[in-house]
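Input: a single structure, listed below in structure tokens.
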Amino acid sequence: MALKINTPIGTNKGITSEAYVRISNYSFYKPEIAVFQMQLFLNEEESKNSQISFPFPNSTNLEIGNEVRISVDLASLKDQDIFVFGYGEVKKHLATLFGEENIEDC
């Protein structure tokens, strides 16, 4: 699972129109706050290479940040896949920054 940003964005590694975002980790703080940590890559190829030569320095973008924090009722997640839920929340975050039409499920 991942999300692709199909519009030019600036990163610490340069400008890309193929930014690739993955959830690297998640945690819960207090029972009502979910935190999804993200990894940003210039493109899908860079993300594949990062799995081979870990640790691989991720790209960064100040607008996107490193994590998405949301309020959540844990009981509502009982029968859901946490990553499906998380990618939905990360996608909403990215859509507010770059437009829904520029975010693609991968």
Side-chain angles (χ1 to χ4, degrees):
M1 288 182 139
L3 297 165
K4 185 176 177 183
I5 303 170
N6 294 318
T7 192
I9 67 166
T11 75
N12 63 319
K13 294 182 180 180
I15 296 174
T16 181
S17 295
E18 308 176 73
Y20 196 80
V21 179
R22 287 193 314 221
I23 293 175
S24 62
N25 198 2
Y26 68 90
S27 54
F28 294 94
Y29 292 98
K30 301 183 181 182
E32 70 277 355
I33 303 293
V35 179
F36 296 93
Q37 295 175 336
M38 300 177 294
Q39 293 176 301
L40 174 67
F41 302 94
L42 287 177
N43 52 41
E44 185 175 3
E45 188 63 31
E46 183 184 63
S47 77
K48 291 176 183 175
N49 291 336
S50 74
Q51 295 172 1
I52 297 168
S53 58
F54 189 80
F56 191 87
N58 295 338
S59 298
T60 58
N61 173 282
L62 293 177
E63 285 182 284
I64 295 172
N66 295 323
E67 65 186 27
V68 171
R69 290 176 175 256
I70 59 159
S71 294
V72 65
D73 174 14
L74 290 180
S76 69
L77 298 177
K78 182 179 176 186
D79 296 324
Q80 289 189 45
D81 180 302
I82 191 65
F83 282 100
V84 171
F85 174 78
Y87 275 104
E89 294 301 317
V90 170
K91 187 174 185 176
K92 287 178 197 174
H93 170 69
L94 296 174
T96 63
L97 297 172
F98 306 111
E100 189 175 329
E101 69 280 5
N102 293 313
I103 310 303
E104 175 185 331
D105 295 310
C106 295

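If you're wondering where the values come from, they're calculated on a predicted model, not measured in any experiment.
A distance of 5.5 Å separates CZ of Phe28 from CG of Leu77, quoted to the nearest 0.5 Å. Between atom CG of residue Leu94 and atom CD1 of residue Ile5 there is a gap of 4.5 Å, rounded to the nearest 0.5 Å. Going from atom CG of Asn61 over to atom CG of Leu40 covers 6.5 Å, rounded to the nearest 0.5 Å. One finds the NZ atom of Lys4 at 15.0 Å from the CZ atom of Arg22 (value rounded to the nearest 0.5 Å). The distance from atom OH of Tyr20 to atom CD of Glu45, rounded to the nearest 0.5 Å, is 10.5 Å. The CZ atom of Phe36 lies 9.0 Å from the OG atom of Ser27; values are rounded to the nearest 0.5 Å.
Summarising the local packing, CG of Asn25 is surrounded by more than 12 heavy atoms from other residues, nucleotides or ligands at distances under 6.0 Å. Counted within 6.0 Å of CD on Glu100, heavy atoms from surrounding residues, nucleotides or ligands total 12 or fewer; the atom is thus considered open.
Between Asp105 and Leu3 there is a side-chain heavy-atom pair separated by less than 4.5 Å. Using a 4.5 Å heavy-atom threshold, the side chains of Ser17 and Thr7 count as separate. Looking only at side-chain heavy atoms (C-beta outward), Val84 and Met1 come within less than 4.5 Å of each other.
Taking all atoms of both residues into account, the shortest heavy-atom contact from Thr11 to Ser59 is CB-CB, 4.1 Å. Minimum heavy-atom separation, Ala19 to Ile9: CB-CD1, 3.6 Å. For the residue pair His93 and Met38, the shortest heavy atom distance occurs at CD2-CE, 4.4 Å. Of all heavy-atom pairs between Ser47 and Glu44, the closest is OG-O, 2.6 Å. A pairwise comparison of heavy atoms in Ser71 and Ile33 identifies OG-CD1, 3.9 Å as the closest pair.
Here the two rings, on Tyr26 and Phe83, have centers that are under 6.0 Å apart.
Grouped with Leu42 in a hydrophobic cluster is no other residue, since no side-chain heavy-atom contact under 4.5 Å to another Ile, Leu, Val, Met, Phe, Trp or Tyr is found.
Between the Asn43 side chain and the Glu18 main chain, no donor and acceptor come within less than 3.5 Å of each other. In this structure a side-chain-to-backbone donor-acceptor pair under 3.5 Å is present from Tyr87 to Ile23.
Under the 4.5 Å side-chain heavy-atom criterion for Ile, Leu, Val, Met, Phe, Trp and Tyr, Ile82 and Leu74 are members of the same hydrophobic cluster. With hydrophobic clusters built from ILVMFWY side chains whose heavy atoms lie under 4.5 angstrom apart, Val35 does not share a cluster with Val90.
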